[in-house]
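See structure below.
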Amino acid sequence: MKIQLKTSSLLAIAADCIVVATWGNQQLSANAQTLNNHLKGALTAFLKKTTQLENTCDSAFFTLREKELNASQLLLVNLGNKKEFTLEIFKKAIDKVAATLETIRCKSVCFAFDDVSPNDSTTGQCIRATAIALQQATYRFETYKSKPKTSALSQVIFFADKSQKNLDDATKQAEAIIAGMDLTMDLANCPPNVCHPGYLAKQADQLAKKYASLTVKTLNEAALKKLGAGALLSVGNGSPHKSKMILIEYRGAAKTQQPHILVGKGITFDTGGNNLKNFDGMLGMKYDMCGAATVFGVIKTVVELKLKINVVGIIATAENMPGGEATRPEDIVTSLSGQTIEILNTDAEGRLVLCDALTYAERYNPKSVIDIATLTGAIITCLGDINSGLFSNNDKLAEQIQQAATTTQDGVWRLPISSAYDAMINSNFADIKNIGGAAAGSITAACFLARFTKKYPWAHLDVAGTASVKAGMNRKATGRPVPLLVEYLLQQR
(Lines give C-alpha, C1' and ligand atoms only; values in the text may rest on other atoms or scores of the structure.)
Protein backbone atom coordinates (compact mmCIF):
# COMPACT_ATOMS: atom_id res chain seq x y z
CA MET A 1 0.00 0.00 0.00
CA LYS A 2 1.58 3.25 -1.19
CA ILE A 3 0.91 6.31 0.95
CA GLN A 4 1.34 9.87 -0.31
CA LEU A 5 0.78 13.40 0.94
CA LYS A 6 -0.49 15.84 -1.71
CA THR A 7 -0.89 19.58 -1.30
CA SER A 8 -2.18 20.52 -4.73
CA SER A 9 -5.80 21.52 -5.32
CA LEU A 10 -8.33 19.05 -3.95
CA LEU A 11 -10.23 19.40 -7.21
CA ALA A 12 -7.19 18.05 -9.07
CA ILE A 13 -6.77 14.89 -6.97
CA ALA A 14 -7.18 11.70 -9.00
CA ALA A 15 -8.56 8.76 -7.03
CA ASP A 16 -11.39 6.26 -7.16
CA CYS A 17 -12.89 7.81 -4.05
CA ILE A 18 -12.42 11.03 -2.08
CA VAL A 19 -13.40 10.95 1.60
CA VAL A 20 -14.55 14.16 3.28
CA ALA A 21 -16.33 14.98 6.52
CA THR A 22 -19.63 16.43 7.62
CA TRP A 23 -20.78 17.40 11.09
CA GLY A 24 -23.89 16.15 12.85
CA ASN A 25 -25.92 19.25 11.99
CA GLN A 26 -25.46 18.59 8.25
CA GLN A 27 -22.71 21.17 8.14
CA LEU A 28 -20.00 20.42 5.59
CA SER A 29 -16.33 20.53 6.54
CA ALA A 30 -14.14 23.07 4.74
CA ASN A 31 -12.89 20.52 2.22
CA ALA A 32 -16.38 19.17 1.64
CA GLN A 33 -17.60 22.74 1.09
CA THR A 34 -14.87 23.26 -1.53
CA LEU A 35 -16.21 20.26 -3.41
CA ASN A 36 -19.78 21.39 -2.85
CA ASN A 37 -19.03 24.77 -4.40
CA HIS A 38 -17.48 23.07 -7.42
CA LEU A 39 -20.53 20.81 -7.70
CA LYS A 40 -22.90 23.80 -7.47
CA GLY A 41 -24.46 22.82 -4.15
CA ALA A 42 -25.05 19.18 -4.98
CA LEU A 43 -23.63 17.95 -1.63
CA THR A 44 -25.85 20.29 0.37
CA ALA A 45 -28.88 19.00 -1.52
CA PHE A 46 -27.72 15.41 -0.97
CA LEU A 47 -27.40 15.95 2.81
CA LYS A 48 -30.97 17.26 3.00
CA LYS A 49 -32.35 14.18 1.26
CA THR A 50 -30.25 11.31 2.64
CA THR A 51 -31.08 9.35 5.81
CA GLN A 52 -27.73 7.53 5.77
CA LEU A 53 -25.86 10.16 7.81
CA GLU A 54 -28.15 10.50 10.82
CA ASN A 55 -25.74 9.00 13.37
CA THR A 56 -22.15 9.79 14.29
CA CYS A 57 -19.70 7.62 12.31
CA ASP A 58 -22.25 6.93 9.55
CA SER A 59 -21.08 7.35 5.96
CA ALA A 60 -22.73 7.69 2.58
CA PHE A 61 -21.52 7.61 -1.02
CA PHE A 62 -22.19 10.42 -3.49
CA THR A 63 -21.68 9.30 -7.08
CA LEU A 64 -20.08 11.82 -9.42
CA ARG A 65 -20.91 12.32 -13.04
CA GLU A 66 -18.17 12.03 -15.63
CA LYS A 67 -15.62 14.86 -15.58
CA GLU A 68 -17.11 16.55 -12.48
CA LEU A 69 -13.91 15.58 -10.61
CA ASN A 70 -10.97 13.23 -11.15
CA ALA A 71 -12.80 10.73 -8.96
CA SER A 72 -15.86 8.54 -9.42
CA GLN A 73 -17.25 8.76 -5.89
CA LEU A 74 -17.25 10.92 -2.79
CA LEU A 75 -17.68 9.33 0.61
CA LEU A 76 -19.18 11.66 3.22
CA VAL A 77 -18.54 10.74 6.87
CA ASN A 78 -20.55 12.12 9.79
CA LEU A 79 -18.17 13.03 12.63
CA GLY A 80 -20.90 14.18 15.00
CA ASN A 81 -20.83 17.24 17.23
CA LYS A 82 -17.81 19.40 16.37
CA LYS A 83 -17.35 20.46 20.00
CA GLU A 84 -17.33 16.85 21.20
CA PHE A 85 -15.13 15.47 18.41
CA THR A 86 -12.31 13.27 19.78
CA LEU A 87 -9.68 10.91 18.42
CA GLU A 88 -11.74 7.99 19.74
CA ILE A 89 -14.74 9.07 17.63
CA PHE A 90 -12.49 9.61 14.62
CA LYS A 91 -11.02 6.12 15.02
CA LYS A 92 -14.50 4.53 15.15
CA ALA A 93 -15.54 6.44 12.05
CA ILE A 94 -12.41 5.63 10.09
CA ASP A 95 -12.59 1.93 11.03
CA LYS A 96 -16.03 1.83 9.40
CA VAL A 97 -14.81 3.78 6.37
CA ALA A 98 -11.88 1.41 5.89
CA ALA A 99 -14.15 -1.63 5.98
CA THR A 100 -16.50 0.04 3.47
CA LEU A 101 -13.69 0.85 1.06
CA GLU A 102 -12.46 -2.74 1.19
CA THR A 103 -15.97 -4.04 0.54
CA ILE A 104 -16.30 -2.04 -2.68
CA ARG A 105 -12.77 -3.10 -3.75
CA CYS A 106 -11.56 0.50 -3.99
CA LYS A 107 -8.13 0.76 -5.65
CA SER A 108 -7.21 4.33 -4.72
CA VAL A 109 -8.58 6.71 -2.12
CA CYS A 110 -7.93 10.27 -1.01
CA PHE A 111 -8.65 11.38 2.55
CA ALA A 112 -9.25 15.12 2.87
CA PHE A 113 -9.34 15.35 6.66
CA ASP A 114 -6.76 18.05 7.35
CA ASP A 115 -9.66 20.40 8.21
CA VAL A 116 -11.27 18.28 10.95
CA SER A 117 -8.64 17.52 13.61
CA PRO A 118 -10.15 16.13 16.84
CA ASN A 119 -10.03 18.38 19.89
CA ASP A 120 -7.58 16.06 21.66
CA SER A 121 -5.17 15.27 18.81
CA THR A 122 -3.57 16.49 15.60
CA THR A 123 -4.00 15.96 11.89
CA GLY A 124 -0.79 13.92 11.94
CA GLN A 125 -2.27 11.53 14.49
CA CYS A 126 -5.36 11.21 12.31
CA ILE A 127 -3.20 10.29 9.32
CA ARG A 128 -1.56 7.53 11.30
CA ALA A 129 -4.90 6.31 12.67
CA THR A 130 -6.34 6.21 9.14
CA ALA A 131 -3.39 4.22 7.78
CA ILE A 132 -3.68 1.69 10.61
CA ALA A 133 -7.43 1.33 10.04
CA LEU A 134 -6.79 0.66 6.35
CA GLN A 135 -4.09 -1.86 7.20
CA GLN A 136 -6.50 -3.72 9.48
CA ALA A 137 -9.26 -3.71 6.88
CA THR A 138 -7.12 -4.79 3.93
CA TYR A 139 -4.62 -7.20 5.51
CA ARG A 140 -4.72 -10.78 4.27
CA PHE A 141 -2.69 -13.82 5.27
CA GLU A 142 -3.28 -16.23 2.42
CA THR A 143 0.23 -17.55 1.88
CA TYR A 144 -0.98 -21.11 2.26
CA LYS A 145 -4.10 -20.83 0.10
CA SER A 146 -3.99 -22.28 -3.38
CA LYS A 147 -5.85 -19.23 -4.74
CA PRO A 148 -4.93 -16.26 -2.55
CA LYS A 149 -7.05 -13.13 -2.73
CA THR A 150 -5.36 -9.78 -2.23
CA SER A 151 -6.81 -6.42 -1.33
CA ALA A 152 -7.64 -4.08 -4.21
CA LEU A 153 -6.44 -0.96 -2.39
CA SER A 154 -2.96 0.03 -3.53
CA GLN A 155 -2.82 3.84 -3.26
CA VAL A 156 -3.73 6.09 -0.34
CA ILE A 157 -3.51 9.87 -0.63
CA PHE A 158 -3.73 12.30 2.27
CA PHE A 159 -4.68 15.78 1.15
CA ALA A 160 -3.54 18.96 2.92
CA ASP A 161 -4.21 22.46 1.67
CA LYS A 162 -0.59 23.42 2.27
CA SER A 163 2.71 21.69 2.89
CA GLN A 164 3.42 21.03 6.57
CA LYS A 165 6.50 19.18 7.78
CA ASN A 166 4.63 17.45 10.58
CA LEU A 167 2.13 16.01 8.09
CA ASP A 168 4.93 14.80 5.83
CA ASP A 169 6.52 13.12 8.86
CA ALA A 170 3.17 11.62 9.85
CA THR A 171 2.72 10.17 6.38
CA LYS A 172 6.17 8.54 6.48
CA GLN A 173 5.48 7.24 9.98
CA ALA A 174 2.13 5.82 8.88
CA GLU A 175 3.73 3.91 6.01
CA ALA A 176 6.47 2.54 8.26
CA ILE A 177 4.04 1.53 11.02
CA ILE A 178 1.79 -0.46 8.71
CA ALA A 179 4.87 -2.16 7.22
CA GLY A 180 5.85 -3.17 10.76
CA MET A 181 2.32 -4.36 11.53
CA ASP A 182 2.29 -6.41 8.33
CA LEU A 183 5.47 -8.19 9.42
CA THR A 184 4.15 -8.75 12.94
CA MET A 185 0.88 -10.19 11.68
CA ASP A 186 2.56 -12.35 9.05
CA LEU A 187 4.82 -13.93 11.66
CA ALA A 188 2.00 -14.38 14.17
CA ASN A 189 -0.38 -15.93 11.63
CA CYS A 190 2.26 -18.32 10.31
CA PRO A 191 1.42 -21.98 11.12
CA PRO A 192 3.41 -23.55 13.96
CA ASN A 193 4.79 -26.35 11.77
CA VAL A 194 6.59 -23.58 9.86
CA CYS A 195 7.16 -20.94 12.52
CA HIS A 196 9.37 -22.54 15.17
CA PRO A 197 12.38 -21.05 17.02
CA GLY A 198 14.74 -21.77 14.12
CA TYR A 199 12.38 -20.04 11.69
CA LEU A 200 12.32 -16.91 13.84
CA ALA A 201 16.12 -16.90 13.92
CA LYS A 202 16.19 -17.08 10.11
CA GLN A 203 13.70 -14.21 9.88
CA ALA A 204 15.99 -12.10 12.07
CA ASP A 205 18.96 -12.93 9.81
CA GLN A 206 16.95 -11.90 6.74
CA LEU A 207 16.02 -8.61 8.38
CA ALA A 208 19.70 -7.91 9.07
CA LYS A 209 20.60 -8.69 5.45
CA LYS A 210 18.03 -6.15 4.28
CA TYR A 211 19.02 -3.37 6.68
CA ALA A 212 22.67 -2.47 7.23
CA SER A 213 21.85 -0.72 10.52
CA LEU A 214 20.90 -4.05 12.11
CA THR A 215 23.09 -6.73 13.59
CA VAL A 216 21.77 -10.11 14.71
CA LYS A 217 23.19 -12.73 17.04
CA THR A 218 21.43 -15.94 17.99
CA LEU A 219 22.31 -17.86 21.14
CA ASN A 220 21.64 -21.57 20.63
CA GLU A 221 21.04 -24.13 23.37
CA ALA A 222 24.74 -24.79 23.91
CA ALA A 223 25.42 -21.07 24.38
CA LEU A 224 22.39 -20.69 26.66
CA LYS A 225 23.49 -23.66 28.75
CA LYS A 226 26.98 -22.19 29.08
CA LEU A 227 25.45 -18.88 30.21
CA GLY A 228 23.25 -20.62 32.75
CA ALA A 229 19.84 -19.80 31.22
CA GLY A 230 18.18 -22.79 32.83
CA ALA A 231 14.71 -21.27 32.98
CA LEU A 232 14.49 -20.63 29.24
CA LEU A 233 15.99 -24.00 28.38
CA SER A 234 13.52 -25.86 30.59
CA VAL A 235 10.57 -24.81 28.43
CA GLY A 236 11.77 -26.46 25.22
CA ASN A 237 12.91 -29.77 26.70
CA GLY A 238 10.01 -31.69 25.15
CA SER A 239 10.37 -30.24 21.65
CA PRO A 240 12.60 -31.31 18.76
CA HIS A 241 12.94 -27.60 17.91
CA LYS A 242 15.78 -26.13 19.93
CA SER A 243 15.20 -23.06 22.09
CA LYS A 244 17.00 -19.84 21.25
CA MET A 245 17.61 -16.29 22.36
CA ILE A 246 17.70 -13.92 19.38
CA LEU A 247 19.41 -10.54 19.76
CA ILE A 248 18.58 -7.84 17.19
CA GLU A 249 20.52 -4.59 17.61
CA TYR A 250 19.67 -1.32 15.88
CA ARG A 251 22.21 1.48 16.14
CA GLY A 252 20.73 4.83 15.20
CA ALA A 253 22.80 6.84 17.66
CA ALA A 254 26.25 6.85 19.24
CA LYS A 255 27.34 3.61 20.88
CA THR A 256 27.57 5.47 24.18
CA GLN A 257 23.83 6.21 24.13
CA GLN A 258 21.88 3.76 26.30
CA PRO A 259 19.54 1.56 24.26
CA HIS A 260 15.83 0.96 24.69
CA ILE A 261 15.23 -2.77 24.90
CA LEU A 262 12.17 -4.69 23.74
CA VAL A 263 11.88 -8.24 25.03
CA GLY A 264 9.45 -10.54 23.21
CA LYS A 265 7.96 -13.79 24.40
CA GLY A 266 8.36 -16.23 21.50
CA ILE A 267 6.57 -19.46 22.41
CA THR A 268 5.94 -20.66 18.86
CA PHE A 269 3.38 -23.17 20.08
CA ASP A 270 2.11 -23.74 23.58
CA THR A 271 0.54 -27.10 24.32
CA GLY A 272 0.92 -26.43 28.03
CA GLY A 273 3.69 -29.02 28.19
CA ASN A 274 3.02 -31.82 30.63
CA ASN A 275 0.22 -29.69 32.07
CA LEU A 276 -1.51 -30.28 28.75
CA LYS A 277 -4.22 -27.88 27.58
CA ASN A 278 -7.58 -29.13 26.31
CA PHE A 279 -8.63 -28.57 22.68
CA ASP A 280 -10.28 -25.19 23.25
CA GLY A 281 -7.27 -23.98 25.21
CA MET A 282 -4.78 -25.18 22.61
CA LEU A 283 -6.48 -23.73 19.52
CA GLY A 284 -4.86 -20.38 18.78
CA MET A 285 -1.67 -21.14 20.71
CA LYS A 286 0.45 -20.39 17.63
CA TYR A 287 -0.20 -16.81 18.75
CA ASP A 288 1.83 -17.34 21.93
CA MET A 289 4.75 -15.77 20.06
CA CYS A 290 2.93 -12.47 19.39
CA GLY A 291 5.34 -10.70 21.75
CA ALA A 292 8.27 -11.82 19.61
CA ALA A 293 6.39 -10.91 16.42
CA THR A 294 5.75 -7.45 17.87
CA VAL A 295 9.47 -6.92 18.45
CA PHE A 296 10.16 -7.80 14.82
CA GLY A 297 7.52 -5.33 13.62
CA VAL A 298 8.66 -2.49 15.83
CA ILE A 299 12.31 -2.99 14.85
CA LYS A 300 11.35 -2.90 11.15
CA THR A 301 9.43 0.36 11.69
CA VAL A 302 12.31 1.93 13.62
CA VAL A 303 14.76 1.03 10.86
CA GLU A 304 12.45 2.36 8.14
CA LEU A 305 12.15 5.67 10.02
CA LYS A 306 15.89 5.78 10.76
CA LEU A 307 15.23 6.90 14.33
CA LYS A 308 18.25 8.43 16.05
CA ILE A 309 18.14 6.14 19.04
CA ASN A 310 19.53 2.71 19.89
CA VAL A 311 17.07 -0.18 20.16
CA VAL A 312 17.71 -3.81 21.02
CA GLY A 313 15.22 -6.61 20.49
CA ILE A 314 15.64 -9.71 22.65
CA ILE A 315 13.47 -12.63 21.60
CA ALA A 316 13.24 -15.60 23.94
CA THR A 317 11.83 -18.42 21.85
CA ALA A 318 10.91 -22.03 22.52
CA GLU A 319 8.21 -24.56 21.74
CA ASN A 320 6.36 -25.92 24.78
CA MET A 321 5.61 -29.61 24.19
CA PRO A 322 4.91 -32.63 26.43
CA GLY A 323 7.08 -35.74 26.35
CA GLY A 324 9.57 -37.88 28.18
CA GLU A 325 12.21 -35.15 28.21
CA ALA A 326 9.77 -32.34 29.01
CA THR A 327 9.89 -30.43 32.28
CA ARG A 328 7.67 -31.90 35.01
CA PRO A 329 5.59 -30.07 37.61
CA GLU A 330 7.72 -29.65 40.77
CA ASP A 331 11.00 -29.57 38.85
CA ILE A 332 13.40 -26.88 40.08
CA VAL A 333 15.63 -24.98 37.63
CA THR A 334 18.24 -22.26 38.01
CA SER A 335 17.70 -19.07 36.03
CA LEU A 336 20.36 -16.91 34.39
CA SER A 337 20.13 -14.56 37.38
CA GLY A 338 21.04 -17.40 39.75
CA GLN A 339 17.58 -17.45 41.32
CA THR A 340 16.06 -20.92 41.56
CA ILE A 341 12.52 -21.54 40.31
CA GLU A 342 10.09 -24.26 41.34
CA ILE A 343 7.94 -25.07 38.31
CA LEU A 344 4.49 -25.97 39.59
CA ASN A 345 2.74 -25.56 36.25
CA THR A 346 4.48 -26.16 32.93
CA ASP A 347 1.75 -24.09 31.24
CA ALA A 348 3.12 -20.99 32.98
CA GLU A 349 6.13 -21.11 30.69
CA GLY A 350 6.24 -17.61 29.24
CA ARG A 351 7.63 -16.09 32.41
CA LEU A 352 10.39 -18.73 32.38
CA VAL A 353 11.74 -17.73 28.99
CA LEU A 354 11.26 -14.04 29.74
CA CYS A 355 13.08 -14.00 33.07
CA ASP A 356 16.34 -15.13 31.47
CA ALA A 357 15.93 -12.61 28.63
CA LEU A 358 15.28 -9.84 31.17
CA THR A 359 18.43 -10.82 33.05
CA TYR A 360 20.41 -10.81 29.82
CA ALA A 361 19.14 -7.26 29.14
CA GLU A 362 21.31 -5.99 32.04
CA ARG A 363 24.37 -6.40 29.81
CA TYR A 364 23.25 -3.47 27.66
CA ASN A 365 22.93 -0.98 30.52
CA PRO A 366 19.50 -0.10 29.13
CA LYS A 367 17.66 3.19 29.40
CA SER A 368 14.38 1.30 29.45
CA VAL A 369 13.19 -2.28 29.05
CA ILE A 370 9.70 -3.23 27.90
CA ASP A 371 8.67 -6.85 27.59
CA ILE A 372 5.73 -7.85 25.45
CA ALA A 373 4.04 -11.16 26.14
CA THR A 374 0.82 -13.09 25.71
CA LEU A 375 1.40 -14.05 29.30
CA THR A 376 -1.87 -14.85 31.07
CA GLY A 377 -5.45 -15.79 30.37
CA ALA A 378 -6.27 -13.86 33.51
CA ILE A 379 -5.60 -10.55 31.74
CA ILE A 380 -8.36 -11.41 29.24
CA THR A 381 -10.76 -12.01 32.10
CA CYS A 382 -9.73 -8.67 33.57
CA LEU A 383 -9.45 -6.40 30.50
CA GLY A 384 -10.92 -8.33 27.58
CA ASP A 385 -9.58 -7.38 24.15
CA ILE A 386 -9.74 -3.62 24.71
CA ASN A 387 -6.64 -2.80 26.76
CA SER A 388 -3.30 -4.50 27.23
CA GLY A 389 -2.24 -4.95 30.84
CA LEU A 390 0.56 -2.61 31.92
CA PHE A 391 2.85 -3.26 34.87
CA SER A 392 5.97 -1.29 35.74
CA ASN A 393 8.59 -0.65 38.40
CA ASN A 394 9.00 2.94 37.20
CA ASP A 395 6.22 5.56 37.25
CA LYS A 396 7.83 7.78 34.60
CA LEU A 397 8.14 4.89 32.15
CA ALA A 398 4.57 3.81 32.85
CA GLU A 399 3.30 7.35 32.23
CA GLN A 400 5.19 7.54 28.93
CA ILE A 401 3.64 4.28 27.79
CA GLN A 402 0.18 5.43 28.87
CA GLN A 403 0.62 8.66 26.92
CA ALA A 404 1.69 6.71 23.84
CA ALA A 405 -1.37 4.50 24.25
CA THR A 406 -3.65 7.55 24.35
CA THR A 407 -2.00 9.08 21.30
CA THR A 408 -2.38 5.89 19.26
CA GLN A 409 -5.65 4.60 20.77
CA ASP A 410 -3.73 1.37 21.35
CA GLY A 411 -4.99 1.15 24.90
CA VAL A 412 -3.33 -0.04 28.10
CA TRP A 413 -4.46 -0.23 31.71
CA ARG A 414 -1.98 -0.16 34.55
CA LEU A 415 -2.28 -2.77 37.29
CA PRO A 416 -0.36 -2.99 40.58
CA ILE A 417 2.67 -4.99 41.59
CA SER A 418 3.36 -4.89 45.32
CA SER A 419 4.92 -6.89 48.15
CA ALA A 420 1.55 -8.38 49.13
CA TYR A 421 1.12 -9.91 45.69
CA ASP A 422 4.82 -10.76 45.43
CA ALA A 423 4.58 -12.91 48.58
CA MET A 424 2.17 -15.18 46.72
CA ILE A 425 5.02 -16.55 44.57
CA ASN A 426 7.39 -17.47 47.39
CA SER A 427 8.33 -21.14 47.28
CA ASN A 428 9.00 -23.57 50.14
CA PHE A 429 11.68 -25.33 48.10
CA ALA A 430 13.22 -22.70 45.80
CA ASP A 431 13.65 -18.92 45.65
CA ILE A 432 10.44 -18.51 43.66
CA LYS A 433 7.61 -20.57 42.19
CA ASN A 434 6.21 -19.96 38.73
CA ILE A 435 2.54 -19.62 39.72
CA GLY A 436 0.85 -17.89 42.59
CA GLY A 437 -2.53 -19.61 42.61
CA ALA A 438 -5.87 -18.82 41.00
CA ALA A 439 -6.20 -15.29 42.36
CA ALA A 440 -4.61 -12.25 40.64
CA GLY A 441 -2.91 -14.40 38.03
CA SER A 442 -1.76 -11.53 35.81
CA ILE A 443 -0.38 -9.61 38.77
CA THR A 444 1.57 -12.51 40.26
CA ALA A 445 3.00 -13.24 36.80
CA ALA A 446 4.19 -9.64 36.64
CA CYS A 447 5.58 -9.93 40.14
CA PHE A 448 7.57 -12.94 38.97
CA LEU A 449 9.11 -10.90 36.15
CA ALA A 450 9.74 -7.95 38.45
CA ARG A 451 12.16 -10.04 40.50
CA PHE A 452 14.47 -10.08 37.46
CA THR A 453 14.25 -6.37 36.60
CA LYS A 454 15.59 -4.53 39.63
CA LYS A 455 18.55 -2.93 37.82
CA TYR A 456 16.70 -0.81 35.24
CA PRO A 457 13.37 0.90 34.45
CA TRP A 458 11.04 -1.84 33.28
CA ALA A 459 7.51 -2.26 32.00
CA HIS A 460 5.57 -5.39 31.14
CA LEU A 461 2.75 -5.47 28.59
CA ASP A 462 0.45 -8.48 28.90
CA VAL A 463 -1.10 -8.62 25.43
CA ALA A 464 -2.89 -11.97 25.66
CA GLY A 465 -6.22 -10.29 24.92
CA THR A 466 -5.10 -7.67 22.41
CA ALA A 467 -2.39 -9.14 20.16
CA SER A 468 -4.72 -11.65 18.54
CA VAL A 469 -8.35 -12.64 18.21
CA LYS A 470 -8.94 -16.26 19.19
CA ALA A 471 -12.73 -16.49 18.85
CA GLY A 472 -13.23 -20.11 17.79
CA MET A 473 -12.41 -20.48 14.12
CA ASN A 474 -12.11 -16.72 13.59
CA ARG A 475 -8.48 -16.49 14.62
CA LYS A 476 -6.19 -13.66 13.52
CA ALA A 477 -3.37 -11.43 14.68
CA THR A 478 -4.14 -7.74 15.28
CA GLY A 479 -0.68 -6.14 15.00
CA ARG A 480 -0.99 -4.62 18.47
CA PRO A 481 0.88 -3.17 20.30
CA VAL A 482 3.16 -2.11 17.41
CA PRO A 483 1.58 1.40 17.12
CA LEU A 484 1.91 1.97 20.87
CA LEU A 485 5.56 0.96 21.05
CA VAL A 486 6.54 2.91 17.94
CA GLU A 487 4.94 6.02 19.44
CA TYR A 488 6.84 5.43 22.68
CA LEU A 489 10.13 5.21 20.78
CA LEU A 490 9.31 8.26 18.66
CA GLN A 491 9.04 10.22 21.89
CA GLN A 492 12.53 9.06 22.93
CA ARG A 493 14.33 10.73 20.00
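Scope of the values below: all heavy atoms of this structure, side chains included, with no hydrogens, waters or symmetry mates.
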Any [X] side-chain heavy atom under 4.5 Å of [Y] side chain:
{"X": "Val298", "Y": "Val311", "result": "no"}
{"X": "Ile372", "Y": "Val263", "result": "no"}
{"X": "Arg475", "Y": "Ser468", "result": "no"}
{"X": "Leu352", "Y": "Phe448", "result": "yes"}
{"X": "Tyr211", "Y": "Glu304", "result": "yes"}
{"X": "Val412", "Y": "Ser388", "result": "yes"}
{"X": "Thr130", "Y": "Phe90", "result": "yes"}
{"X": "Ile314", "Y": "Ile261", "result": "yes"}

Is there a side chain to side chain contact (heavy atoms under 4.5 Å, CB included) between Leu490 and Leu305 once you walk through the steps?
-> CA-CA 9 Å; Leu490 284 169; Leu305 293 175; 4.2 Å; yes
Distance-only side-chain donor-acceptor flag, [X] / [Y], under 3.5 Å:
{"X": "Asp58", "Y": "Asn78", "result": "no"}
{"X": "Tyr488", "Y": "Ser368", "result": "yes"}
{"X": "Gln125", "Y": "Thr407", "result": "no"}
{"X": "Asp288", "Y": "Thr374", "result": "yes"}
{"X": "Glu487", "Y": "Gln491", "result": "yes"}
{"X": "Gln409", "Y": "Glu88", "result": "no"}
{"X": "Gln135", "Y": "Asp182", "result": "yes"}

Result of checking Asp114, Asp115, Thr7 against Asp161 for side-chain contact (heavy atoms from CB on, under 4.5 Å) = Asp114
Backbone of [Y] reached by a side-chain donor or acceptor of [X] within 3.5 Å:
{"X": "Asn320", "Y": "Asp347", "value": "no"}
{"X": "Asn31", "Y": "Val20", "value": "no"}
{"X": "Asn310", "Y": "Gln258", "value": "no"}
{"X": "Tyr250", "Y": "Leu307", "value": "yes"}
{"X": "Thr466", "Y": "Asn387", "value": "no"}
{"X": "Asp16", "Y": "Cys106", "value": "no"}
{"X": "Glu221", "Y": "Ser243", "value": "yes"}
{"X": "Ser117", "Y": "Thr122", "value": "no"}

Test salt bridge (charged side-chain N to carboxylate O under 4.0 Å, His left out) applied to Glu399 and Arg414, step by step = CA-CA 9 Å; Glu399 289 166 6; Arg414 190 177 183 185; 6.0 Å; no
Straight-line distance of [X] [atom1] to [Y] [atom2], nearest 0.5 Å:
{"X": "Lys147", "Y": "Glu142", "atom1": "NZ", "atom2": "CD", "value": "13.0 Å"}
{"X": "Phe391", "Y": "Asp462", "atom1": "CZ", "atom2": "CG", "value": "6.0 Å"}
{"X": "Ser9", "Y": "Phe159", "atom1": "OG", "atom2": "CZ", "value": "6.5 Å"}
{"X": "Asn393", "Y": "Ile417", "atom1": "CG", "atom2": "CD1", "value": "6.0 Å"}
{"X": "Ile309", "Y": "His260", "atom1": "CD1", "atom2": "NE2", "value": "5.0 Å"}
{"X": "Glu349", "Y": "Glu319", "atom1": "CD", "atom2": "CD", "value": "11.5 Å"}

Can you name the nearest heavy-atom pair linking [X] to [Y], along with the distance?
{"X": "Ala152", "Y": "Arg105", "answer": "CB-O, 3.4 Å"}
{"X": "Ala467", "Y": "Cys290", "answer": "CB-CB, 3.6 Å"}
{"X": "Ile299", "Y": "Ile248", "answer": "CG2-CG2, 4.1 Å"}
{"X": "Ala459", "Y": "Leu390", "answer": "CB-CD1, 4.1 Å"}
{"X": "Tyr360", "Y": "Leu336", "answer": "N-CD2, 3.9 Å"}
{"X": "Gly264", "Y": "Leu354", "answer": "C-CD2, 4.1 Å"}

Taking only Lys NZ, Arg NE, NH1 and NH2, and the carboxylate oxygens of Asp or Glu, determine whether Glu102 and Arg140 approach each other closer than 4.0 Å.
-> yes
Parallel, tilted or perpendicular, as decided by the 30° and 60° cut-offs, for the rings of His241 and His196 | parallel
May I ask you to decide if the ring planes of Phe141 and Tyr139 are parallel, tilted or perpendicular, using 30° and 60° as cut-offs?
-> parallel
Begin with the C-alpha distance, continue with both residues' side-chain angles, and end with the deciding distance and a verdict on side chain to side chain contact (heavy atoms under 4.5 Å, CB included) for Thr271 and Met282.
-> CA-CA 6 Å; Thr271 65; Met282 206 177 297; 4.2 Å; yes
Going through the checks in order, is the side chain to side chain contact (heavy atoms under 4.5 Å, CB included) test met by Leu74 and Leu69?
-> CA-CA 10 Å; Leu74 300 180; Leu69 286 169; 4.1 Å; yes
Just wondering, are more than 12 heavy atoms of other shown residues or ligands nearer than 6.0 Å to NZ in Lys277?
-> yes
Show your working on side chain to side chain contact (heavy atoms under 4.5 Å, CB included) between Phe113 and Ile127 and close with a plain yes or no.
-> CA-CA 8 Å; Phe113 280 161; Ile127 286 176; over 6 Å; no
Apply salt bridge (charged side-chain N to carboxylate O under 4.0 Å, His left out) to Lys209 and Asp205, showing your working.
-> CA-CA 6 Å; Lys209 286 180 181 179; Asp205 288 338; over 6 Å; no
